[in-house]
Amino acid sequence: MRRLPDAASRGKSITMDLEGETVPAIEGEPVACSLIAAGESVLARSIKYHRARGPYCFSGACSHCLMRVDGLPNVYTCRVPARDGMKLERQNAYPSAKVDVFEAIDWFFPKGLDHHEMFAGVPVAEQVMAKVARQLAGLGLLPTAPAPERLPVETVRTRVAVVGAGAAGLAAAQVLAAQGLPFLLLERDSVLGGRLLSGVPEADAPPPPAEGLLAPERVRTRVTVIGLFDDEEGHLLAAVSEGTGEPRLVRVYAERFLLAPGGHPPMLPFENNDLPGVYASHAASLLVRRYGVAPETAALVGSGPELYALARLMTERGTKVVAVVDLKGSPPADAPAGAVHGSEPKAHGHNAVSGFSYQDASGRRVKVACDAVLVAVAPSPSFELARQGGAKVEYDEAREVFAVVADAEGRTEAPDVYVAGDVRGARSAAQAAADGRRAAEALVQSLTQAAVGGKS
């Protein structure tokens with residue numbers, strides 16, 4: 001990866017400490033972004049599989065970017081802003097993430113080693129082996145300092161809680177604001193807009209949110225919702241706020257919950273899909289649009305309009321696109337030149353991507369050199385929160401995803417839970433916005449009817 005020529009204007013230049021080495025960074029951008037821009041693509045290692053690990057999703061969903069940060073283990077470095085002097089350590093890396101001495105085990109156990117069976121039934125030796133294996137396979141060392149105090153708790157009460165400030169959540173919030181209904185919009189990013197700001201461009205997408213679109217008291221950013229629960233006072237969202245001031249736990253009680261958390265970038269099953277240098281399309285578009293970081297050469301694989309839109313975006317920003325492989329059919333007439341229908345994709349490289357190959361329609365194996373493989377497929381719905389709230393989730397065979405079951409207005413089996421956007425299955429930004437508007441209008445109607453009926 002490299003910084004684009006205008007990267008210097010994106011923030012203050014700082015340095016971080018990576019295991020004793022000074023690496024350059026930009027203040028405020030994700031730590032993982034600064035590291036890959038500095039040529040440090042290996043952030044951890046899998047002891048069991050002898051695999052190097054690097055960031056994939058940049059959404060805090062894949063765990064490939066976990067590092068020890070300022071002594072705290074298992075930190076998602078794709079979500080943590082870089083600070084001057086920040087101390088970073090790789091995990092599961094002995095003697096280092098770039099040299100794996102345990103790879104020698106494969107010479108003695110070519111079919112894999114199951115430590116659960118080693119010395120099974122042999123007293124003492126069995127216990128020693130289990131202890132060693134657990135230490136090697138663990139996720140870093142525990143901090144030596146005492147555990148931090150419990151986070152302070154803030155309680156908020158509102159009529160409607162909206163989760164996610166992407167296309168769906170923003171459209172819903174605008175409807176609620178127009179109706180004069182008290183609501184609170186929670187967004188884990190530092191800015192509103194989601195894919196409208198950093199996703200793969202879509203021709204019919206709504207414009208990014210304008211400054212002052214919503215009243216400041218109706219919006220909270222850098223708030224990560226961690227659950228939708230019940231307690232003695234009712235249904236509540238539990239969230240961790242890292243916005244202004246000290247981090248704190250926020251309990252949000254509401255009469256209705258409108259959930260628009262989007263989706264997770266899925267991983268396509270192909271050989272070496274876990275090599276550092278393989279990125280989800282969301283991650284690639286985020287890196288290039290918000291942080292000015294992009295690969296020199298890239299191969300793209302996947303299906304659907306996002307595959308071709310990402311190819312155009314990367315080309316526009318100076319990346320040499322060496323292959324565009326559609327796994328589901330022939331490229332459309334307006335696809336970028338060189339796009340092909342292919343199968344059996346494979347990433348090549350030892351500790352990081354150095355090439356990509358696939359089988360073309362004639363059965364010929366084609367291999368190209370590149371420093372990144374970008375995976376563009378529809379997101380997997382983030383249904384977990386809705387499921388916690390009582391909504392039904394079913395597998396959609398046509399779209400090959402688990403999605404929240406809801407009617408056209410976003411109503412779920414839980415009377416107070418509405419959903420919109422990618423949480424219902426892959427949607428374009430325009431479709432997600434329409435979802436959000438419909439769900440908000442239906443929600444307002446339900447509150448009105450409840451008020452007339454004397455209950456909420």
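FYI, side chains are in, hydrogens and waters are out, and symmetry mates aren't considered; it's all heavy atoms of this structure. Since the structure is predicted, the reported quantities are computational estimates derived from the model, not experimental observations.
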Test: Arg289 and Glu316 ion pair at under 4.0 Å: no

Does the side chain of Lys346 reach to within under 4.5 Å of the side chain of Tyr358, using non-hydrogen atoms? no

Carboxylate-amine/guanidinium proximity below 4.0 Å for Asp274 and Arg51: yes

Output yes when Arg3 and Glu29 qualify as a salt bridge under the 4.0 Å nitrogen-oxygen rule, no when they do not. yes

How long is the gap from CG on Leu192 to CG on Leu197, to the nearest 0.5 Å? 8.5 Å

Classify the side-chain pair Arg365/Ser357 by whether it contains a donor and acceptor separated by less than 3.5 Å. yes

Over all atoms of both residues, closest heavy-atom pair of Tyr279 and Pro55: CE2-O, 3.3 Å

Identify whether the distance between the nearest side-chain nitrogen and carboxylate oxygen of Arg83 and Glu27 falls below 4.0 Å. no

Just checking, any donor-acceptor pair under 3.5 angstrom between side chains of Thr221 and Glu187? no

Non-hydrogen atoms of Gly389 and Leu228 that approach each other most closely: CA-CD2, 3.5 Å

Run Arg79 and Glu242 through salt bridge (charged side-chain N to carboxylate O under 4.0 Å, His left out) and show every step you take. CA-CA 11 Å; Arg79 305 291 306 170; Glu242 297 179 287; over 6 Å; no

Is the shortest side-chain N to carboxylate O distance from Arg248 to Glu246 below 4.0 Å? no

Between Asn351 and Arg53, is there a side-chain donor-acceptor contact under 3.5 Å, judged purely by atom types and distance? no

Heavy-atom pair with the smallest gap, counting every atom of Ala161 and Leu237: CB-CD1, 3.7 Å

Whether Arg387 side chain and Ala391 backbone form a donor-acceptor pair below 3.5 Å: yes

How long is the span from the CE atom in Met314 to the OG1 atom in Thr297, to the nearest 0.5 Å? 10.5 Å

Please check this pair: side chain of Tyr76 against backbone of His64, looking for a donor-acceptor N/O pair closer than 3.5 Å. no

Between Thr412 and Ala414, is there a donor-acceptor pair closer than 3.5 Å when you use the side chain of the first and the backbone of the second? yes

To the nearest 0.5 Å, what is the distance between OG1 on Thr158 and CD on Glu217? 11.0 Å

For residues Ala432 and Gly421, report the shortest heavy-atom separation together with the two atoms involved. CB-CA, 3.9 Å

Electrostatic pair Arg290:Asp189 at N-O distance under 4.0 angstrom: yes

Between Thr315 (side chain only) and Ala311 (backbone N and O only), is there a donor and an acceptor less than 3.5 Å apart? yes

Indicate the ring-plane relationship of Phe257 and His235, choosing parallel, tilted or perpendicular according to the 30° and 60° boundaries. perpendicular

Glu384 and His264 side chains, donor-acceptor separation under 3.5 Å: yes

If you take the centroid of each ring, where Trp contributes its six-membered ring, are His348 and Phe356 closer together than 6.0 Å? no

Which distance, rounded to the nearest 0.5 Å, do you find between the OG of Ser303 and the OH of Tyr308? 8.5 Å

Please step through side-chain contact (heavy atoms from CB on, under 4.5 Å) for the pair Leu268 and Leu327, ending with a clear verdict. CA-CA 10 Å; Leu268 272 178; Leu327 298 177; 3.8 Å; yes

CG-CZ distance between Leu4 and Arg317, expressed to the nearest 0.5 angstrom: 7.0 Å

Any side-chain heavy atom of Leu35 sitting closer than 4.5 Å to one from Met16? yes

May I ask you to say whether Arg195 pairs ionically with Glu306, meaning some side-chain N is under 4.0 Å from a carboxylate O? no

With no hydrogens and no angle check, do the side chains of Asp231 and Tyr253 hold a donor and an acceptor under 3.5 Å apart? yes

Sub-4.5 Å side-chain heavy-atom contact between Phe58 and Ile36: yes

Checking Ser354 side chain against His350 main chain: does a donor-acceptor pair fall under 3.5 Å? no

Atom of Ala173, atom of Leu185 and distance for their closest heavy-atom approach: CB-CD2, 4.3 Å

Run the numbers on Glu40 and Arg90 for salt bridge (charged side-chain N to carboxylate O under 4.0 Å, His left out), then give the verdict. CA-CA 11 Å; Glu40 298 289 350; Arg90 296 180 174 98; 2.8 Å; yes

Side-chain contact, heavy-atom cut-off 4.5 Å: Cys65 with Cys78? yes

Measuring only between side-chain heavy atoms, which start at C-beta, is Leu300 closer than 4.5 Å to Leu310? yes

Is any side-chain heavy atom of Val69 less than 4.5 Å from a side-chain heavy atom of Met86? yes

Side-chain donor or acceptor of Glu271 paired with backbone N/O of Pro345 under 3.5 Å: no

Do you know the tightest heavy-atom contact between Cys57 and Pro265? CB-CG, 3.9 Å

Just checking, any donor-acceptor pair under 3.5 angstrom between side chains of Thr155 and Arg251? yes

